[in-house]
2 protein chains.
Amino acid sequence: MSTRKRKGRYHHGNLRRALIDEALKTIRKTGVSGLTLRGAGAALGVSRTALYRHFADKDALLAAVAREGFIALKASLDAARRSALELADQLTEMGAAYVRFAIESPSHYRVMFGGFLDRCKDEPDLIADAGAAFQALVDAILDLQRARLVRQDDARQLSRFVWAAVHGIAMLAIDGQLGPDPDAGLALYRDSAPRIRAGLV
Amino acid sequence: MSTRKRKGRYHHGNLRRALIDEALKTIRKTGVSGLTLRGAGAALGVSRTALYRHFADKDALLAAVAREGFIALKASLDAARRSALELADQLTEMGAAYVRFAIESPSHYRVMFGGFLDRCKDEPDLIADAGAAFQALVDAILDLQRARLVRQDDARQLSRFVWAAVHGIAMLAIDGQLGPDPDAGLALYRDSAPRIRAGLV
DNA sequence: ACCTGAACACCGTTCAAGT
DNA sequence: ACCTGAACACCGTTCAAGT
């Protein structure tokens, strides 16, 4: 069963979902700049303006794409946390998962953080999903604080420090600033993880 | 003496320079998305295609804008280093200058790091200017290592760690991820500076 | 309710022609 | 050498009209 409209069918079925998936696919393939509403419509066998029944404009579609990203990122972080053998390793594993997420989906990551979205505009769902991903980090740090493995500073501020560090590594990596080696980002993270930890104890 | 073409004059004078300045101005005012070649030409009283005598395409203009950014960033870092009263404070001051640069010129900063430029394309001058800014950090760390204030790890890797941390703070700040408070970025840096330092000693 | 087609006001870029 | 004007192949978005 394809996401493409069956010819002659009047309604598409789930155009909203199909548009998000199509956007994700072309973003992965060609970057954000390659995404056009006309192209997305054509790929789904739908008129160029059908999209406006489900999204206010292109930014709203991008916001939906970004939301998917934050949900997937949170899932990666949660999985990494569960996979850690010891409590002390949880945060290190989460950081690695974070950097890996960005390197595996650089264009998607850029939609989430590249300034395409105007966060002043009322997108409460997007802010909530981004907040939930951040909260995964805060929760892990609170656990470490309870076990006396991390100092008792404000957990949210500690989380922001860790977030900034891994976000910086991820951004420099997908921007090519660390050189052409595709593993440069993870290599830098491996070197940086103990340094980040040093800032927490 | 305006940068705008005097009417009737056949040549502009220094169109290349004027185009970069015009681009910087509109980017500061409206963001990168507000920059159009047609608009820039019109603002300078020049045809829409005059630009192609000085730049291969829009990306080449953006690359020139990014170069200016890296040169200005290096100047800020050097000034911060000189302004530090003690050797031990140099790096902290440089980090603050870095975050301040991004917060004061968010759109310009995004041209430098936002993935608009394809670093695989041959822009050796851009890579050189970005490298020079990074080298300012490496030099400061080498000095600290000589004074035994920083551990004797590979200086470039240490520099990348510091760079990623301040870059992450800067990016989150200008992306609005730290909340609406415009001072959130510098506040996070003040909290993070000693944590970053902990990773170096 | 959902979709279409034509239209509007934009883009970046090319190219023959002008000075 | 440097610039222009018209043209080309695109955009996002609006809107009256169709089912």
Side-chain angles (χ1 to χ4, degrees), chain A residues 2-20 22-23 26-27 29-66 107 111 114-118 121 123, chain B residues 2-20 22-23 26-27 29-66 107 111 114-118 121 123:
Chain A
S2 148
T3 159
R4 190 178 273 99
K5 186 175 114 172
R6 265 166 296 179
K7 230 187 151 189
R9 275 265 252 109
Y10 183 65
H11 287 84
H12 181 276
N14 196 344
L15 185 53
R16 190 190 142 84
R17 183 67 251 166
L19 279 164
I20 294 175
E22 182 63 31
T26 73
I27 284 169
K29 222 180 324 185
T30 65
V32 206
S33 64
L35 175 69
T36 71
L37 302 188
R38 296 160 108 100
L44 297 175
V46 126
S47 127
R48 352 185 194 300
T49 57
L51 168 141
Y52 288 92
R53 290 298 118 200
H54 299 94
F55 299 99
D57 52 20
K58 192 180 184 179
D59 280 359
L61 173 59
L62 281 177
V65 168
S107 302
V111 175
F116 296 98
L117 279 27
D118 190 356
K121 268 165 56 175
E123 295 278 5
Chain B
S2 145
T3 159
R4 191 178 271 99
K5 186 175 117 173
R6 266 166 297 178
K7 233 189 150 189
R9 275 264 255 107
Y10 182 65
H11 287 85
H12 182 277
N14 196 344
L15 185 53
R16 190 191 143 84
R17 184 68 251 166
L19 278 164
I20 294 175
E22 181 62 31
T26 73
I27 283 169
K29 221 179 328 184
T30 66
V32 206
S33 65
L35 175 68
T36 71
L37 302 187
R38 296 160 109 98
L44 297 175
V46 125
S47 125
R48 353 186 194 300
T49 57
L51 168 142
Y52 289 92
R53 289 300 119 198
H54 299 94
F55 298 99
D57 51 20
K58 193 180 183 180
D59 279 359
L61 173 59
L62 281 177
V65 168
S107 301
V111 175
F116 296 99
L117 279 28
D118 189 358
K121 269 166 55 177
E123 295 277 5

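Each chain gets a letter, A, B and so on, in the order its sequence line appears, and its residues count up from 1. Keep in mind that what you see is a predicted model, and the values were worked out from it rather than measured.
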ask   = In the structure shown, which nucleotide is the Watson-Crick or G-U wobble counterpart of C:dC8, with both distances under 3.5 Å?
value = D:dG12

query = Applying a 3.5 Å limit to both distances, which nucleotide forms a Watson-Crick or G-U wobble pair with C:dC2?
reply = D:dG18

ask   = Atom NE2 of A:His54 and atom CD1 of A:Ile20: how far apart are they, to the nearest 0.5 Å?
value = 10.0 Å

In whole angstrom, what separates [X]'s [atom1] from [N]'s [atom2]?
X	N	atom1	atom2	value
B:Asp59	C:dG12	CG	C1'	11 Å
B:Tyr52	C:dC11	OH	P	12 Å
B:Leu37	D:dT4	CG	P	14 Å
A:Lys58	C:dC10	NZ	P	18 Å
A:Asp57	D:dC15	CG	C1'	17 Å
A:Phe55	C:dC2	CZ	C1'	15 Å
A:Arg16	C:dC2	CZ	C1'	16 Å
A:Leu44	C:dC2	CG	C1'	15 Å

Among the candidates [options], find the nucleotide nearest to the side-chain atoms of [X].
X	options	answer
B:His54	D:dC3, D:dG12, C:dT4	D:dC3
A:Ala50	C:dT4, D:dG12, C:dT13	C:dT4
A:Leu15	C:dC3, D:dT13, C:dT14	C:dC3

task = Look at B:Ser47 and D:dG5 and indicate whether a side-chain polar atom (N or O) is within less than 4.0 Å of OP1 or OP2.
result = no

request  = Dump the intermediate steps for side chain to side chain contact (heavy atoms under 4.5 Å, CB included) on B:Leu35 and B:Val65, then the final yes or no.
outcome  = CA-CA 12 Å; B:Leu35 175 68; B:Val65 168; 5.8 Å; no

query = Can you name the closest pair of heavy atoms from A:Val32 and A:Ser107 and give their distance?
reply = CG2-O, 4.2 Å

Non-hydrogen atoms of A:Tyr52 and A:Asp57 that approach each other most closely = CE2-CA, 4.1 Å

Any donor-acceptor N/O pair under 3.5 Å between C:dG12 base and B:Thr49 side chain = no

request  = Classify the side chain of B:Arg38 and the base of C:dG12 as holding, or not holding, a donor-acceptor pair under 3.5 Å.
outcome  = yes

inquiry  = Judged by each residue's nearest nucleotide on DNA chain C, which is more toward the 5′ side, B:Arg53 or A:Arg48?
reply    = A:Arg48

task = Assign A:Leu35 to base, sugar-phosphate, or nothing according to its heavy-atom contacts below 4.0 angstrom with the strands shown.
result = sugar-phosphate

request  = Evaluate the criterion side chain to side chain contact (heavy atoms under 4.5 Å, CB included) for residue pair A:Ile27 and A:Leu62; output intermediate values, then yes/no.
outcome  = CA-CA 10 Å; A:Ile27 284 169; A:Leu62 281 177; 4.3 Å; yes

